[in-house]
Amino acid sequence: MIPKSIKGKFLLLTSIFIFLGVWAPALFLFKQFRENFKERATVLIDAELEVIKGKLIDCMSSSSNKDVQALIQKMVEDNFFDVVRIHDEKGIVRFGTEKGQIGKKIEDVSPLKGNHEETKIVLLKDKGLFSAHTTIENKPICQNCHNTEKKVLAYLDVESKLTFAERNFFTGTVHTIMLGFVLAILLFIALYYSFNALIDKPVKRLENAFDELEKMNFNVQLPEDKKDEMGSLNLHFNRTVTKLKLSNKKIEELHFEQLQHADKLATLGELTSEIAHEINNPTAIISSRADYLALECEDNDNLKPFAQDLEVILKQTERISKITSNVLRYGRKLKTEFTQLKLADSLEQSLKMVELRIKKHNIELVKEIIDEDKFIYADQLQLEQLFVNLINNAIDASETGKKIVIRTYQNDKNKIIFEIKDEGSGMSEEVRKDIFSPFFTTKSEKKGTGLGLYIVKNICDNLGAEIKCSSVSGKGSSFKVTFNIIEES
Ligand SMILES: Nc1ncnc2c1ncn2[C@@H]1O[C@H](COP(=O)(O)OP(=O)(O)OP(=O)(O)O)[C@@H](O)[C@H]1O
Ligand SMILES: [Mg+2]
């Protein structure tokens, strides 16, 4: 399984590289050396065996058993071999440099054990010797004394201890392999700790610093004392954090100012509602008194010339009470309550609220409200707020005398589209992509909070409606809101 962390991958790769780059070639070389060494020693022993065999046959054919024993003894003294034995086909040692072994079975005394028809040379590392075995054939010269039918007369069995150099070589290779193994482990540990100190720790520190940054802790700083890549990374991180800290401070200040402004507007709204409420009472009194006087005028001829004036008073007080009741309705803080509503009715109601502004700016309002009996599911006040915000924006963008077209139409039988089009200032692409962000405004501080379209977008999301805006700078804008129609129940 491949480890997931960089550390795990690094250590795995390092181990593979150490094994493939150092270990495997070293093991191969050692194996090759050993084989060469063994082969050389085997060739040497083989040659020596042939020499002894020749000498033995010469000796046997010309001398006595004593001379054979003396000959093998000499072989040992001359350092040809360390132990020499000659045994018969039954495995009984007949001649031997180790006196105690004469007459014993070869199985009990020779490391090679038993008779072997072919020359055999074995390295016995644990015993630290070469053991060799060969046959003494029945040559014609031997047949003067021995039976002609026998192929093999005896077996020669020798032992040769490893020389100092040979022993050193074999133990040396083992030691070298062990040392290599220990060095590989030490290298691995050194790499592990270096990786920890140079990469793992700084990366973890950076990770923690990012965690802190995510929690908006802009006081987090990393050490910059190291001049390596990590030091430079930390330096850049610290600079970025400092910049973030500054811009966050600026954003907070700006937000605070905007919130203050929004708060002021909300207070103003509440005050306006209160004033409207206060105006309502005297207006009601004026209206009822004027009503009473109007009735009096009908019966009293002296008062008749004032009838027209009273009518004006009545009309104007009615207007005042309409305006105040609209202000009160709009300013009410009510719980949102979704009901089925006629889109056209809410639109008419909203238009009443902006009527005065439209007149004041001398704007030509064109209404094309066709599907008057289409119902949607919405909160009345939210819906009116949506329309009022869009109409107010259109008024703000239009100059005196310009035209605003408001229409509703259908493209799909389940949808109704409300569109408001103005011939005002329009927007650049840059402004257009930000209009739904909170507090985004191009208007002066006194004129706009930049919350209008943000609220409109939220209301649309609540209603499951879609809002789209298209605009050409200097030519005008159009906003389209697509509502879902519901069946009247
Ligand atoms: N019909 C329009 N024509 C041109 N620009 C518009 C129009 N409607 C909106 N905008 C641009 O979008 C910006 C954001 O509008 P939004 O209604 O959110 O805030 P505002 O009108 O500036 O402030 P507020 O609505 O709080 O009075 C406006 O400042 C204006 O630049
Ligand atoms: Mg607005």
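Both backbone and side-chain heavy atoms feed into the values below; hydrogens, waters and symmetry mates do not.
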Using only atom types and a distance under 3.5 Å, with no angle test, would you say the side chain of [X] pairs donor to acceptor with the backbone of [Y]?
X    : Y    : value
D422 : I404 : no
D108 : K104 : no
S110 : I106 : no
R432 : C469 : yes
D434 : S437 : no
D157 : R85  : no
Q410 : K413 : yes
D82  : K161 : yes

State, with a plain yes or no, whether a side-chain heavy atom of [X] is found less than 4.5 Å away from one of [Y].
X    : Y    : value
L383 : F483 : yes
N248 : F218 : yes
K99  : Q69  : yes
K105 : I92  : yes
L124 : F130 : no
I86  : V93  : no

Salt bridge (Lys or Arg N to Asp or Glu O under 4.0 Å) for K127 and E159? Distances and angles first, verdict last. CA-CA 11 Å; K127 292 199 166 85; E159 286 173 24; over 6 Å; no
Taking 4.0 angstrom as the limit, do [X] and [Y] come out as a salt bridge?
X    : Y    : value
K31  : E35  : yes
K342 : D373 : no
K7   : D200 : yes

Do [X] and [Y] have their ring centres less than 6.0 Å from each other?
X    : Y    : value
F418 : F479 : no
Y155 : H133 : yes
F195 : F10  : yes

Of all the heavy-atom pairs spanning [X] and [Y], show the shortest one and how long it is.
X    : Y    : result
S477 : G426 : OG-CA, 3.5 Å
S478 : K421 : CB-CG, 3.8 Å
H255 : F439 : NE2-CD1, 4.3 Å

Between the side chains of [X] and [Y], is a donor N or O closer than 3.5 angstrom to an acceptor N or O?
X    : Y    : result
E419 : T408 : no
K226 : N234 : no
Q380 : E384 : yes

Spacing of F440 atom CZ and L453 atom CG [to the nearest 0.5 Å]: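 Those atoms lie 10.0 Å apart.
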Working for salt bridge (Lys or Arg N to Asp or Glu O under 4.0 Å), residues E212 and K215: CA-CA 5 Å; E212 285 299 311; K215 289 179 210 152; 3.6 Å; yes
Geometric cation-pi criterion R407 and Y409, 6.0 Å radius, 45° cone: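 Verdict for Y409: a cation-pi partner in R407.
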Taking distance alone, no hydrogens or angles, what donor-acceptor pairs closer than 3.5 Å link side-chain atoms of residues 42-54 to residues at least two apart or in another chain?
{"from": "T42", "atom 1": "OG1", "to": "K38", "atom 2": "O", "distance (Å)": "2.5"}
{"from": "K53", "atom 1": "NZ", "to": "T134", "atom 2": "OG1", "distance (Å)": "3.4"}
{"from": "K53", "atom 1": "NZ", "to": "T135", "atom 2": "O", "distance (Å)": "3.2"}

